[in-house]
Asker: 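This is the structure I have questions about; it appears just below.
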Amino acid sequence: MKRTAATTIGSLLAVGLLAACSGSPAGPGTESGAQPVSWRLALNQTNDHPITLAVEAMADRLAEATDGRVKLEIYPNETLGTQPETLQLLSDNTLELAVISGPQLENLNTDFAVFNSPFVFDDIDHQMKVINDLSIVGDLYASLEASNNATVLGGFTAGERSLYQADRPVTIPADTAGLKIRVQESATHMRMIELMGGSPTPMGFGEVYTALQSGVLDGAENNEVSYVTQKHYEVAPHFSYTRHLIVPDYVVASTTALSKLSAEDRELLMAELAAAIDEQVASWQQATADAIETATAAGATFNEVDADAFRTVLEPLLDETLTTDSARSLYEATRAAAK
Ligand code: GCU
């Protein structure tokens, strides 16, 4: 059987491992979940992004499955704030759910950096097998509960990421020399661009378009879907297939809010999340093909690079990232899960 998020999280729930792994106070028999709740889920994607569509559908199914006890209101487009801001809202328990990119969590627990590192995952199937297997990630996902009131519930894929530039394509690392390339606010990603030869420029997602347009940035890196939903192809039409990263987009809950759900509602939430993850992953290939078509029709070009050359310059990053026993174990479990 193909191992999907639904089967992995579902089977762990069946044997009661989720509550044990998360260390959250909500356990079987919690009574307070009888109260209907209306939760807000914040994300930074546009309305038509596959993750937004998946969480919208999840909200409908969850309301039905819980007879209206758990309602989710979805806030896309950074309307509730940037990812670092929504993470803070979760910590303050003034928001219940947010989709947060891997690099943001690395700033709270450096072990998350393992999954933000180049070439750790062979492909999206491999990534999904790891980031939704609580026997691998259970401790990591519960690690922010005491410090940040944040419980990671699972992860979507944020796809394979590549470089793109305003003025010219790149084919070898030396081509990035002198280019100011936007990265997410993460030490791993800054170092990654440095090793490639470029000048890393950390910046929030929503600011990238204007910065590319005005020349504050020479390039950025992302997947084809975000390249198009954010319209970056209009201002950086040279997409260069470095395929250097496959980063997770985690679904993170306020630990306090989660603890107030009954065991039954929590189980229903996790089952619908697993289904949403499977849906998003299943739609990703088509969304990518559509994005390439849209960008190409508007004049953007997609070029291949010397992939081995990029892989070679990025090699030192892994040793720099695997600095703790727990990070090394995560990496080993990840590689063991590869085909
Ligand atoms: C992708 C990813 C987002 C992330 C963004 C970024 O779109 O899905 O979660 O915030 O890249 O580069 O900031």
Side-chain angles (χ1 to χ4, degrees), residues 41-55 74-88 90 97-108 112-113 115-118 121 124 127-128 131 150 152-165 180-190 192-193 198 200-212 217 219-233 235-236 239 242-252 276-277 279-281 283-285 287-288 290-291 294-295:
L41 184 156
L43 73 164
N44 65 4
Q45 306 293 355
T46 52
N47 296 28
D48 54 348
H49 188 279
I51 296 184
T52 312
L53 299 176
V55 292
I74 312 297
Y75 290 85
N77 296 307
E78 288 189 346
T79 39
L80 295 186
T82 61
Q83 288 184 351
E85 286 164 349
T86 56
L87 202 45
Q88 185 58 47
L90 289 176
L97 286 171
V99 179
I100 304 282
S101 187
Q104 303 296 339
L105 298 191
E106 161 191 335
N107 295 327
L108 306 180
F112 278 97
F115 299 149
N116 304 331
S117 297
F121 299 114
I124 291 174
Q127 180 194 35
M128 287 299 111
I131 68 169
V152 180
L153 300 180
F156 292 105
T157 186
E160 263 183 347
R161 295 172 77 107
S162 290
L163 294 178
Y164 45 89
Q165 301 73 231
K180 292 188 290 302
I181 298 175
R182 180 266 173 169
V183 287
Q184 297 182 69
E185 304 93 325
S186 122
T188 310
H189 287 187
M190 289 188 64
M192 173 183 80
I193 295 298
T201 310
M203 190 180 282
F205 195 39
E207 298 165 68
V208 178
Y209 183 97
T210 313
L212 286 166
L217 290 172
E221 54 85 51
N222 219 311
N223 57 64
E224 297 94 329
V225 175
S226 290
Y227 180 57
V228 168
T229 54
Q230 297 298 313
K231 303 202 185 306
H232 292 173
Y233 65 94
V235 284
F239 195 97
T242 46
R243 299 187 177 90
H244 54 272
L245 283 175
I246 309 179
V247 171
D249 265 342
Y250 297 107
V251 177
V252 187
I277 291 169
E279 248 172 41
Q280 185 251 347
V281 173
S283 69
W284 193 255
Q285 208 181 346
T288 301
D290 292 347
T294 304

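In each ligand, atom 1 is the first atom listed, and ligand 1 is the first ligand listed.
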Asker: Please identify each residue that fulfils side chain to side chain contact (heavy atoms under 4.5 Å, CB included) with T288, with sequence neighbours left out.
Answerer: E224, V225, W284, I292
Asker: Mind checking salt bridge (charged side-chain N to carboxylate O under 4.0 Å, His left out) for E160 and listing every partner two or more places apart, or none if nothing turns up?
Answerer: R243
Asker: Over 60° means perpendicular and under 30° means parallel, so tell me whether Y164 and H232 are parallel, tilted or perpendicular.
Answerer: tilted
Asker: Can you work out which protein residues put a heavy atom within less than 4.0 Å of ligand 1?
Answerer: N44, Q45, Q83, S101, A158, R161, R182, Q184, F205, N222, S226, D249
Asker: CD of Q104 to CD of E85: how many Å apart, nearest 0.5 Å?
Answerer: 10.5 Å
Asker: Going through the checks in order, is the ring pair (Phe, Tyr, Trp, His ring centres under 6.0 Å) test met by F115 and F121?
Answerer: CA-CA 8 Å; F115 299 149; F121 299 114; 5.6 Å; yes
Asker: Going by salt bridge (charged side-chain N to carboxylate O under 4.0 Å, His left out), name the residues that satisfy it together with R161, two or more places apart in sequence or in a different chain.
Answerer: E221
